[in-house]
Amino acid sequence: MDDQLKSEIISWIKAVVYALVVAVFVTNVVVVNAEVPTGSMEDTIMPDTRLIAYRMSYAFSKPERFDIVVFRWPDLETELYVKRVIGLPGEKVEIKQGKVFINDSEVPLPDDFLKEPPFEEDKGPFFVPENHYFMLGDNRNNSKDSRYWTNKYVDESKILGKVVFRYYPDFHLYKEENLEKQE
């Protein structure tokens with residue numbers, strides 16, 4: 001084998017190794033690739049949607065109410081879930097006739113992003129521990145979320161990232177103010 005061919009092969013090997021290192025870095029430090037297999041987030045996120053969440057979203061800040069996040073499900077941490085942050089650390093969350101109330105407020109949280117009016121159920125009160133979050137799906141009538149889990153709250157360290165865009169079945173950017181339903 002001549003030196004030029006060896007040099008070319010080494011060049012290709014280096015390129016492949018660099019590409020693999022970058023891919024591993026991006027998927028373990030920068031983004032989370034997730035799929036929503038159910039209708040629990042309809043109409044904001046439809047079933048079989050594939051999403052990208054930004055891991056660094058909470059490097060210098062905390063999750064905020066209404067953020068849509070990817071996290072490790074507290075009842076089986078090998079599974080990734082996508083839900084909306086509703087209850088923040090230290091808060092009392094109550095659901096009365098399907099409406100969510102925080103810390104005994106007389107005014108329920110806005111819910112114009114919900115698929116349909118929620119069943120008029122009463123749940124709670126739920127007392128969110130420090131460094132934990134209470135999550136609900138946007139399709140409240142068909143979502144297995146904090147209301148029903150054995151371990152009701154998501155530890156902040158298990159939140160992997162904030163959803164920034166979907167890439168399948170089409171592209172859609174989720175903005176800060178984007179609480180509307182999927183088009």
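Position 1 is the first residue of the sequence, and the numbers go up from there. All of these numbers come straight from a predicted model, not from anything done at the bench.
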| task | Please answer whether the main-chain N or O of E156 pairs with a side-chain N or O of Y58 as donor and acceptor at a distance below 3.5 Å. | result |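 Not a single qualifying donor-acceptor pair exists.
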| Pairwise salt bridge (charged side-chain N to carboxylate O under 4.0 Å, His left out) hits with a residue in residues 68-82, at least two apart |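 Of all non-adjacent pairs touching residues 68-82, those that pass salt bridge (charged side-chain N to carboxylate O under 4.0 Å, His left out) are E77-K158.
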| task | Compare every heavy atom of V70 with every heavy atom of A53, then report the nearest pair and how far apart it is. | result | CB-CG2, 3.7 Å
Does the distance from a Lys or Arg side-chain N to an Asp or Glu carboxylate O, for [X] and [Y], drop under 4.0 Å?
X: D2; Y: K6; value: no
X: D104; Y: K92; value: yes
X: D67; Y: R84; value: no

| said: Could you measure the distance from the CG atom of D138 to the CG atom of D111? Nearest 0.5 Å is fine. | reply: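 That separation rounds to 10.0 Å.
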Going by the rule side-chain contact (heavy atoms from CB on, under 4.5 Å), which residues pair with [X] if we only count those two or more places apart in sequence or in a different chain?
X: P110; result: F66, D112
X: S57; result: Y54, K162
X: I13; result: I9, V17

| field | Side chain proximity check, R140 to V100, heavy atoms < 4.5 angstrom | value |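 Answer yes - side chains close enough.
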| query | Does a side chain donor of either Y168 or D48 reach within less than 3.5 Å of an acceptor in the other side chain? | reply | no
| query | So, S143 versus D145: side-chain donor-acceptor pair below 3.5 Å or not? | reply | yes
| E91 and R65: CA distance, side-chain angles, deciding distance, salt bridge (Lys or Arg N to Asp or Glu O under 4.0 Å) verdict | CA-CA 11 Å; E91 291 185 334; R65 189 176 338 276; 2.8 Å; yes
| task | Identify, with sequence neighbours excluded, every residue that meets ring pair (Phe, Tyr, Trp, His ring centres under 6.0 Å) alongside Y133. | result | none
| message | Between L80 and L160, does the side-chain contact (heavy atoms from CB on, under 4.5 Å) criterion hold? Intermediate values first, please. | response | CA-CA 9 Å; L80 300 185; L160 302 179; 3.4 Å; yes
| request: Would you mind listing every side-chain hydrogen bond (donor to acceptor under 3.5 Å, both in side chains) that reaches into residues 121-131, with sequence neighbours excluded? | output: E121-R147, E121-Y148
| task | Please report the C-alpha distance between S40 and K83 in whole Å, then the side-chain angles of each, then the deciding distance to 0.1 Å, and finally whether the side chain to side chain donor-acceptor pair (under 3.5 Å) criterion is met. | result | CA-CA 8 Å; S40 70; K83 301 284 183 212; 2.9 Å; yes
